[in-house]
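Taking it in order: structure first as structure tokens, then the write-up.
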Amino acid sequence: MKIASWNVNSLNVRMPHLEQWLGQFQPDVVALQETKLEDHRFPDTALVGLGYRSVFAGQKTYNGVAILSREPIADVQVGIPGFDDVQQRVIAATVGDVRIVNLYVVNGQDVGTDKYDYKLRWLDAVHGWLSSELQAHPRLVLLGDFNIAPDDRDVHDPQVWNDGHILTSTAERTALARLQSLGLHDAFRLHHDDAGQFSWWDYRQAGFRRNLGLRIDLTLVSDALRPHAAAAGIDREPRTWDRPSDHAPAWVELAG
DNA sequence: ATGGTTGCCGAGCAA
């Protein structure tokens, strides 16, 4: 079972890329972020034609998340229970016997801003919710655009991306580590320990060509699924295509 | 590098 996460940065623009990628990569489940589409505009009919059901929670202009699956999707949850939020950043659902939790984590803009405070409060709410979600669903995959690079291997320049910088600040990394301490394991790091493997490259300054990137798109597997995480990676190919998203898909394969 | 690029929508904001 191949499960992937992809921040498409507008599904309206990226639908041809998604179609191409679904056809060649053949994922079983895909978590999308930044669809930037109201629900009535979501291309669910076109996706059925490609063999995928979908559930989604969108809004105009910003945010928006979805889960696509070849198999039936059950028990859909939108948002974090008990955390009022007008921003559509969370959708969870069950596929087979696996709970899929898709996050579009707050970017945070800059350390010390109101958006940064919102990011940390939002991550705290996710932590509280996931501790109970894991009890109810031990076989769980938490994936998405985390907008946090876990450690210095995951940034092209640790001098710039340091403990005072957004996406790499100590408080953000601590919040991510706290989530992982619930028993969630970075599937990529179960299989690779090298630096310089990124999932996002800034559109500016020819970031992709120069590999000036960060690894901020993660697939985390629960304790129960860890022995089944047979492979994980990042598919850079769609980032090479014409008019790409600034993110590449990150994936984990569950076996057995 | 208070730059640079893309997507939203039609002026700046968010990333």
Side-chain angles (χ1 to χ4, degrees), chain A residues 5-21 30-43 46 56-66 79 85-91 102-123 126 143-150 154-169 171-173 175-176 198-218 234 236-250:
Chain A
S5 171
W6 194 7
N7 181 323
V8 291
N9 186 18
S10 170
L11 186 53
N12 186 45
V13 172
R14 232 63 70 190
M15 188 61 182
H17 285 36
L18 180 62
E19 292 185 19
Q20 170 72 24
W21 186 74
V30 184
L32 300 177
Q33 303 87 35
E34 286 205 88
T35 54
K36 300 186 178 180
L37 284 179
E38 291 178 288
D39 289 349
H40 68 88
R41 294 183 60 208
F42 195 88
F56 39 85
Q59 63 192 106
K60 191 187 284 195
T61 309
Y62 303 116
N63 310 308
V65 285
D85 197 347
V86 296
Q87 303 193 19
Q88 300 282 35
R89 297 180 171 279
V90 178
I91 190 166
N102 176 15
L103 302 182
Y104 173 45
V105 174
V106 177
N107 175 287
Q109 192 175 42
D110 278 307
V111 173
T113 62
D114 288 349
K115 288 174 187 171
Y116 183 75
D117 292 341
Y118 165 52
K119 181 176 196 172
L120 296 179
R121 282 188 291 106
W122 190 93
L123 287 164
V126 168
L143 77 175
D145 176 357
F146 280 71
N147 270 318
I148 302 170
D154 303 312
V155 309
H156 65 89
D157 185 352
Q159 308 279 28
V160 172
W161 298 92
N162 60 24
D163 60 1
H165 201 288
I166 197 66
L167 312 190
T168 52
S169 73
E172 291 168 85
R173 284 175 162 170
L176 175 59
F198 306 133
S199 67
W200 171 85
W201 301 261
D202 201 305
Y203 285 125
R204 298 165 285 190
Q205 318 275 11
F208 182 67
R209 182 179 58 74
R210 301 159 66 200
N211 199 31
L212 306 180
L214 305 177
R215 191 174 68 91
I216 54 177
D217 300 273
L218 310 178
I234 299 163
R236 296 165 55 102
E237 191 190 327
R239 190 64 176 78
T240 70
W241 295 343
D242 188 52
R243 209 180 175 191
S245 169
D246 44 354
H247 295 252

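Lettering follows sequence order; numbering is per chain, from 1.
- Within residues 114-123 of chain A, the residues approaching DNA chain B are A:K115, by heavy-atom distance under 4.0 Å.
- For DNA chain B, the neighbouring residues in residues 201-214 of chain A, judged by any heavy atom under 4.0 Å, are A:Y203, A:R204, A:Q205.
- Each of A:N63 and A:T35 was assigned the nucleotide of DNA chain B with the nearest heavy atom; the assignment lying further toward the 5' end belongs to A:T35.
- Residue A:N7 forms a side chain to side chain donor-acceptor pair (under 3.5 Å) with just one option from A:D246, A:D145, A:N147, and that option is A:D145.
- At least one side-chain heavy atom of A:Y118 sits less than 4.5 Å from a side-chain heavy atom of A:Q87.
- Take A:F198 and apply the ring-ring contact (aromatic ring centres under 6.0 Å, His included) test, not counting sequence neighbours, and it matches no residue.
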Report task. Begin from the C-alpha positions of A:E172 and A:I166 and carry the test side-chain contact (heavy atoms from CB on, under 4.5 Å) through to its verdict. Result -> CA-CA 8 Å; A:E172 291 168 85; A:I166 197 66; 3.7 Å; yes
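- In this structure A:D117 satisfies the salt bridge (Lys or Arg N to Asp or Glu O under 4.0 Å) test with no other residue, sequence neighbours excluded.
- Between A:H247 and A:W200, the ring planes are tilted. Angles from 30° to 60° get that label.
- B:dA14 and B:dC9 are spaced 15 Å apart, taking the P atom of each and rounding to whole Å.
- Counting only residues at least two apart or in different chains, salt bridge (Lys or Arg N to Asp or Glu O under 4.0 Å) contacts with residues 206-218 of chain A comprise A:D154-A:R215, A:D186-A:R215.
- Positionally, the nearest nucleotide of DNA chain B for A:D110 lies more toward the 5' end than for the other of A:D110 and A:N107.
- For the P atom pair drawn from B:dG4 and B:dC8, the interatomic distance equals 22 Å after rounding to whole Å.
- Nucleotides of DNA chain B with any atom under 4.0 Å from a heavy atom of chain A span, from 5' to 3', B:dG4 to B:dA15.
- Of all the heavy atoms in A:W21 and A:P238, the pair that sits closest is CD1-CG, 3.5 Å.
- Inter-residue side-chain proximity for A:Y116 and A:S169 is flagged as met; some heavy-atom pair is nearer than 4.5 Å.
- Taking the side chain as every heavy atom from C-beta outward, A:L212 and A:W201 never approach each other to under 4.5 Å.
- Nucleotides B:dA11 and B:dA1 have their C1' atoms positioned 25 Å apart, rounded to a whole Å.
- Side-chain contact between A:V86 and A:Q59 is absent, with no heavy-atom pair separated by less than 4.5 Å.
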